[in-house]
Protein chains: 2
Amino acid sequence: MKQPEIAPDETPKRKRLSSTARRQDFINQAIEFFAEEGFESSTRGLAKKLGVTQPLLYRYFPSKDDLISEVYDAVYVNRWQPEWEPLLRDRTRPLADRLNTFYNVYTDVIFNREWMRIYLFSGLKGVDINRRYMQLVRQRILEPILIEARVELGLPDVPAKDCEVEFAWIMHGGIFYYGIRDLIYDSAISTDKKRVIEDAIAAFMAGLKIKLKREGQG
Amino acid sequence: MKQPEIAPDETPKRKRLSSTARRQDFINQAIEFFAEEGFESSTRGLAKKLGVTQPLLYRYFPSKDDLISEVYDAVYVNRWQPEWEPLLRDRTRPLADRLNTFYNVYTDVIFNREWMRIYLFSGLKGVDINRRYMQLVRQRILEPILIEARVELGLPDVPAKDCEVEFAWIMHGGIFYYGIRDLIYDSAISTDKKRVIEDAIAAFMAGLKIKLKREGQG
DNA sequence: TTTCTTATTTATCGAATGACAAATTAATTT
DNA sequence: AAATTAATTTGTCATTCGATAAATAAGAAA
């Protein structure tokens with residue numbers, strides 16, 4: 001099939017974007033690209049996806065690693081919502097309700113192929129941003145939850161013990177791993193996220209109640 | 001510094017191993033190597049670790065991918081212990097006891113850096129052996145557990161519902177994610193694995209009891 | 001229009017990669 | 001000891017990689 005010579009304007013002109021717009025576009029598409037192909041994938045492959053030549057990337061980022069750092073920031077830092085934290089501390093609602101709301105909105109953000117794969121790839125690379133992210137989860141999510149639980153059970157308002165944090169991690173990790181099964185392995189059975197979260201939280205609350213009261217006695 | 005000419009025997013002679021021994025050694029060290037460096041790492045890097053030249057690898061494996069397949073088999077297939085399954089079905093013991101024993105011995109096998117990293121790397125590559133492994137866990141571990149739970153609670157012995165399997169996955173995933181935090185992210189708090197497992201199982205059993213009885217009524 | 005700036009491409013470099021062929025050397029067989 | 005077999009190394013090739021320098025072209029300023 002010959003290309004009909006109708007439109008002489010069809011010659012692909014170079015698009016020129018403003019520096020900042022182009023840069024942001026590069027980062028956004030780099031997230032998709034590296035999430036799918038891994039960080040070891042080539043800058044040429046990324047350039048192809050972007051529809052530009054490979055050296056152009058180096059006009060915007062000094063090196064591949066610098067670009068990757070920006071990808072981390074865009075995924076880990078920018079998508080964290082500060083309103084999650086007060087939500088968990090809203091004592092006008094039962095804690096179980098708050099937890100359900102939180103984990104539904106939280107997983108709305110992180111349960112997508114991009115986020116999950118970037119998280120796993122960067123974790124395997126040993127980048128310290130992952131460790132910092134887990135500290136964030138611990139301090140801003142899990143420890144507040146444990147304090148709220150004590151308060152709701154009428155127990156003294158003391159900081160959470162390590163083994164309690166570990167217990168909260170089990171619930172959090174269980175929910176997280178559901179996302180991995182769904183988005184990385186395509187192996188989730190139920191697609192009813194809300195229901196899965198509900199059951200996970202119910203078990204956590206039941207288990208925590210027993211655990212805290214037993215500790216209170218011993 | 002000159003090398004002192006004391007020992008003329010010191011000249012590094014080539015070691016010659018039997019074909020099968022060499023092959024097995026290659027696979028074992030390839031597990032370590034790829035677990036640490038990722039499957040994208042070079043065959044030259046592996047050869048250096050092995051103390052041989054890179055082309056020798058091609059005497060034993062037709063291609064890099066073939067070697068990687070053998071690594072999968074060695075990790076996923078060979079380390080699975082068939083005795084785990086009857087252990088879960090031993091009705092002379094309370095189910096909670098059986099679960100504790102099982103998860104302690106199971107995690108003795110999979111909670112090591114090699115296993116965990118190979119699992120995550122291959123999962124991200126989308127190799128189907130991961131999906132098959134998860135099916136194995138579901139059919140040989142989780143579904144049997146759910147049947148045993150029904151029996152112990154005096155409920156009718158019917159196959160597990162999807163949402164029950166999902167609930168069992170939450171516990172399993174919670175324990176699994178504890179391993180990831182410990183071995184991949186160095187972020188586990190408690191190193192008392194036994195205790196963490198105990199709490200996870202207690203919450204699961206408490207939650208399941210409620211869940212099954214409620215289902216039995218509705 | 002002409003000049004100037006800068007976004008983008010072309011061309012290329014040196015290093016690293018998977019893979020193969022041929023030469024070498026150790027062990028086994030005769 | 002000589003001959004044969006097989007394990008291992010040396011040498012190399014074609015690609016691909018991240019990165020840089022120089023050339024080109026689009027848009028803004030004059």
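By convention in this document, chain letters (A, B, ...) are assigned in the order of the sequence lines, proteins followed by strands, and residues within each chain are numbered from 1.
Ion pairing between a basic and an acidic side chain is recognised when a charged N comes within 4.0 Å of a carboxylate O; A:R79 and A:E114 show such pairing.
Among D:dT20, D:dT9, C:dA19, the nucleotide with an atom closest to any side-chain atom of B:V52 is D:dT9. When distances are taken from the side chain of B:S63 to each of C:dC20, C:dT8, C:dA19, the shortest belongs to C:dA19. Relative to the side chain of A:Y60, the nucleotides C:dA7, D:dT9, C:dT9 differ in distance, and C:dA7 lies closest. Closest to the A:L56 side chain, of the nucleotides C:dG18, C:dT8, D:dG18, is C:dT8. Among the nucleotides C:dG18, D:dA7, D:dG18, the one closest to the side chain of B:Q54 is C:dG18. Closest to the A:Y58 side chain, of the nucleotides D:dT20, C:dG18, D:dA7, is D:dT20.
As a whole-Å value, the separation of B:D65 CG from C:dT17 P is 16 Å. We find that NZ of B:K48 is positioned 17 Å from C1' of D:dT9, with the value rounded to whole Å. As rounded to whole Å, 11 Å separates atom P of C:dG18 from atom CD of A:E40. We find that CZ of B:F39 is positioned 17 Å from P of C:dT17, with the value rounded to whole Å. Rounded to whole angstrom, the span from the CZ atom of B:R23 across to the C1' atom of D:dA7 amounts to 15 Å. Rounded to an integer number of Å, the gap from CG of A:L46 to P of D:dT16 is 17 Å. The nearest whole Å value for the distance from the CZ atom in A:F61 to the P atom in C:dA7 is 13 Å. Taking atom CZ of residue A:R59 and atom C1' of nucleotide C:dT5, one finds them 11 Å apart after rounding to whole Å.
Here the options are B:R131, B:K125, B:R132, the test is salt bridge (charged side-chain N to carboxylate O under 4.0 Å, His left out), and the partner is B:D128; only B:R132 passes. Each of B:F39, B:F26, B:Y119 was checked for a ring pair (Phe, Tyr, Trp, His ring centres under 6.0 Å) with B:F34, and the lone residue meeting it is B:F39.
When all heavy atoms of B:G123 and A:I184 are compared, the pair lying nearest together is O-CG2, 3.9 Å.
Each of B:P62 and A:P55 was assigned the nucleotide of DNA chain C with the nearest heavy atom; the assignment lying further toward the 5' end belongs to A:P55. If B:G51 and A:S41 are placed on DNA chain D by their nearest nucleotide, the residue sitting closer to the 5' end is B:G51.
Applying the 4.0 Å criterion to OP1 and OP2 of D:dC17, one finds that A:S42 has a side-chain N or O inside that range. For A:T53 and C:dT8, the shortest distance from a side-chain N or O to OP1 or OP2 is not below 4.0 Å. Phosphate proximity of D:dA19 to A:R44: absent, as no side-chain N or O sits under 4.0 Å from OP1 or OP2.
Separation of the B:Y103 and B:F204 ring centroids does not fall under the 6.0 Å cut-off.
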